[in-house]
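First the structure, in the form of structure tokens, and then the observations on it.
Just the heavy atoms: all of them, side chains too, but no hydrogens, waters or symmetry mates, feed the values below.
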Amino acid sequence: NAGVTQTPKFQVLKTGQSMTLQCAQDMNHNSMYWYRQDPGMGLRLIYYSASEGTTDKGEVPNGYNVSRLNKREFSLRLESAAPSQTSVYFCASSVSGELFFGEGSRLTVL
Amino acid sequence: AQSVTQPDIHITVSEGASLELRCNYSYGATPYLFWYVQSPGQGLQLLLKYFSGDTLVQGIKGFEAEFKRSQSSFNLRKPSVHWSDAAEYFCAAASPPRLVFGAGTILRVKS
């Protein structure tokens, strides 16, 4: 009964380092999403994938790349991390517009 | 641009009092509408959703929301708040597959 699984849950990076956040869902949903959550700003959409093989920019895509590896997996990559990317990242999958969230990944960039 | 606005950053209510959290959306057509709740350090839990039909929607934990097309609003209500309702509440709107959130309203409950 895993739902949406994100890894890692915590990560500390130095400015300029790269990393990939992994996300997998086992609900056979077509759509998957990456959001970041910052105090007072709610959840902002970084990228989404409506279906396997497609990705689209959200509200705040700069500094990020994504890969929809297959129907289950949707990864988020930071090529050169910046302190402004310190945040909590949530992956989600969707059916009929309703989102199902992972537990979040807390990323700190020093 | 599509957007969701929650005008109140913080709201404090007394335990047992009624609650209304405001949400307004700006979309070309009526989107799907949602309310989520997040307790500290936790993920988001869906309270209720509106797709079409009856404009008064019942959700979990005694919450309800009313869709008003003329006001582009989807306000969340609860008749009697419990201390365990203290959390952050997010309104969201979707024109699938894209879903955007409001900035959230932090609810504090005083005894």
- [ ] Only one of B:T105, B:D8, B:T5 passes side-chain hydrogen bond (donor to acceptor under 3.5 Å, both in side chains) with B:R22; say which it is.
- [x] B:D8
Task: Centroid-centroid distance, B:F63 to B:Y89, less than 6.0 Å - done: yes
Open item on the list: Among B:L46, B:I9, B:I106, which residue has the highest count of heavy-atom pairs closer than 4.5 Å to chain A?
Closed with: B:L46
Region of [X] that comes under 4.5 Å of a non-hydrogen atom in chain B:
X     : result
A:Q37 : side chain
A:Y35 : side chain
A:L43 : both
A:S94 : neither

TODO: Pick one of side chain, backbone, both or neither for B:Q38, based on which atoms fall under 4.5 Å of a heavy atom in chain A.
DONE: side chain
Task: Separation of B:L47 CG from B:K61 NZ (nearest 0.5 Å) - done: 6.5 Å
Open item on the list: Can you see whether B:R69 engages B:T30 through a side-chain donor-acceptor pair at a distance of less than 3.5 angstrom?
Closed with: yes
- [ ] Answer yes or no on whether B:K49 is positioned over the face of B:F34, meaning its NZ or CZ is under 6.0 Å from the six-membered ring centre and within 45° of the axis.
- [x] no
